[in-house]
Colleague: 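Let me give you the structure first, and then I'll get to my questions.
So that the names make sense, note that chain A is the first sequence line, chain B the second, and so on, each numbered from 1.
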Protein chains: 2
Amino acid sequence: MVNSAKFDRQQVIANATHLFWARGFNGCSMRDVQQAVNLRPGSLYASFGDKETLYREALLHYASQGMVALQALEQQLVCPLAVLRQFMRQALASSLADAPDKVCMLVKTVHELGGAQHPLAKLARELLQQMANQFARLLQQAKQAGNLAPATDVNALASFYQMQLIGLKSFAQLQQNPALLDTLLQQALAILPAEKAH
Amino acid sequence: MVNSAKFDRQQVIANATHLFWARGFNGCSMRDVQQAVNLRPGSLYASFGDKETLYREALLHYASQGMVALQALEQQLVCPLAVLRQFMRQALASSLADAPDKVCMLVKTVHELGGAQHPLAKLARELLQQMANQFARLLQQAKQAGNLAPATDVNALASFYQMQLIGLKSFAQLQQNPALLDTLLQQALAILPAEKAH
DNA sequence: ATACCTCTTGAACAATTGTTCAAATATACA
DNA sequence: TGTATATTTGAACAATTGTTCAAGAGGTAT
């Protein structure tokens with residue numbers, strides 16, 4: 001008999017992700033986590049390892065959600081540039097809603113642990129780079145479709161998208177005024193290349 | 001006899017600020033602080049109160065440094081728009097150098113403690129708003145000098161500057177590549193209004 | 001049932017946390 | 001110098017931290 005656990009592993013990770021996202025690695029104790037996932041310490045440690053290992057799992061879970069969201073848009077929309085623009089809008093919309101915290105969990109992790117070259121910060125940086133690579137891939141498609149100037153540096157532009165996104169979401173944490181946030185989003189989108197009219 | 005303390009109060013606050021900035025509120029213990037400022041617990045508590053009070057002092061110290069930097073630029077440069085542009089360049093340059101951490105301490109504080117409506121996060125938000133108000137004041141000057149369209153919403157534009165700055169500094173924490181960061185800075189500056197040629 | 005394996009439980013551990021306080025030391029003024 | 005006042009010291013506190021582990025519970029196969 002193997003793995004006859006009562007709990008739903010994915011649900012546990014999802015709950016832990018929410019808590020870690022909202023309060024950070026140092027901001028919540030293992031007892032907080034135990035309560036949030038409804039597991040006693042023994043079960044939690046036996047199934048998920050220590051705090052750092054569990055947080056790592058949470059980071060991966062969070063990042064994969066972002067990837068899924070991007071892929072979903074890719075299937076709905078034809079133009080890669082439209083995908084990116086819609087992804088930005090969507091990201092800020094979730095900032096306005098009751099997300100556990102409005103800032104990207106990967107960015108928060110780097111901010112909290114990045115100074116000490118923490119392995120979790122390293123992972124978060126890698127996952128952010130993966131996201132930027134997806135942006136670059138979409139931009140490359142747009143370029144080949146003739147929607148971007150041939151000389152465009154898609155990697156640099158992808159980083160610029162990511163920088164705008166990080167700025168918007170961080171700012172949303174400071175100023176909850178929806179009208180102002182929408183203005184900023186429009187300004188940011190105005191910078192970025194749009195699908196050509198036809 | 002009053003205040004015959006041996007230590008330099010300002011130096012203690014400066015050292016504490018460095019540590020809190022680099023490692024966050026939850027990331028460093030009072031023992032870490034005691035070591036960094038070279039004070040035994042009794043002296044530290046007698047002179048600065050508890051951890052939260054000391055962190056508050058650090059936030060104020062940090063924010064005033066930013067204000068001073070902006071005012072220094074204001075005395076060097078005539079055009080208010082040039083002041084803002086130079087402030088952006090300077091902020092990113094200090095990100096490339098060995099700042100304790102590359103992200104604004106106010107932003108880091110809101111990220112770490114903001115979800116729980118922590119009083120320190122509230123203060124950090126207020127200080128960020130003060131900075132945005134300074135930006136708006138400079139933009140208002142530029143508008144009156146005819147360097148901005150009369151219809152410009154200076155408060156919204158000030159927020160946009162701040163959002164760009166937050167994005168740049170956060171991104172600098174992820175990607176240390178100086179060439180890429182410089183490209184992003186140029187792109188961000190290209191968006192923002194510049195002094196008219198004459 | 002009985003034996004066996006797996007998972008769960010919660011008490012317990014050592015280390016660390018923020019903070020206090022009585023004793024020791026230093027300083028100022030007579 | 002002697003006394004009073006201000007400051008520094010470091011041991012100590014209770015609470016919380018991350019983590020472990022022996023004992024119990026639950027299910028499956030013989």
Colleague: Over how many whole Å does the gap from M30(A) atom CE to dT9(C) atom C1' extend?
Modeller: 16 Å
Colleague: Within a strict 4.5 Å, meaning less than it, do heavy atoms of the H111(B) and Q173(A) side chains meet?
Modeller: yes
Colleague: For E74(A), is there an ion pair with R137(A) - N to carboxylate O distance below 4.0 angstrom?
Modeller: yes
Colleague: Whole Å only: how far is the CZ atom of R9(A) from the P atom of dC7(C)?
Modeller: 11 Å
Colleague: Toward the 5' end of DNA chain D, which comes first, R40(B) or D32(A), by nearest nucleotide?
Modeller: R40(B)
Colleague: NZ of K51(A) versus C1' of dG18(D): gap in Å, rounded?
Modeller: 8 Å
Colleague: May I have the distance from F7(B) (atom CZ) to dT27(C) (atom P), rounded to whole angstrom?
Modeller: 14 Å
Colleague: At under 4.0 Å between heavy atoms, what does Q34(A) touch on the DNA or RNA strands: base, sugar-phosphate, or nothing?
Modeller: base
Colleague: Let me know the distance between CG of N38(A) and P of dG10(C), rounded to the nearest Å.
Modeller: 11 Å
Colleague: Please figure out whether L39(A) or F25(B) has its closest DNA chain C nucleotide nearer the 5' end.
Modeller: L39(A)
Colleague: Rounded to the Å, how far apart are E52(B) CD and dG18(C) P?
Modeller: 13 Å
Colleague: Look at atom CD of E126(A) and say whether more than 12 heavy atoms of other residues, nucleotides or ligands are closer to it than 6.0 Å.
Modeller: yes
Colleague: Think S29(B) has a side-chain N or O under 4.0 angstrom from the OP1 or OP2 of dT17(C)?
Modeller: yes
Colleague: Find the distance L44(A):CG to dG10(C):P and express it as a whole number of Å.
Modeller: 15 Å
Colleague: What's the CG-C1' distance between L54(A) and dT17(D), to the nearest Å?
Modeller: 16 Å
Colleague: Classify the ring geometry of F7(A) against F48(A): parallel below 30°, tilted from 30° to 60°, perpendicular beyond 60°.
Modeller: tilted
Colleague: F135(B) vs Y161(B) aromatic rings, parallel, tilted or perpendicular, using cut-offs 30° and 60°?
Modeller: perpendicular
Colleague: Let's see if you can work this out: which of dC13(D), dA11(D), dG18(D) has an atom nearest to the side-chain heavy atoms of P41(B)?
Modeller: dA11(D)
Colleague: Please tell me which of the listed nucleotides, dC13(C), dT20(D), dT19(C), lies nearest to the side chain of R31(A)?
Modeller: dC13(C)
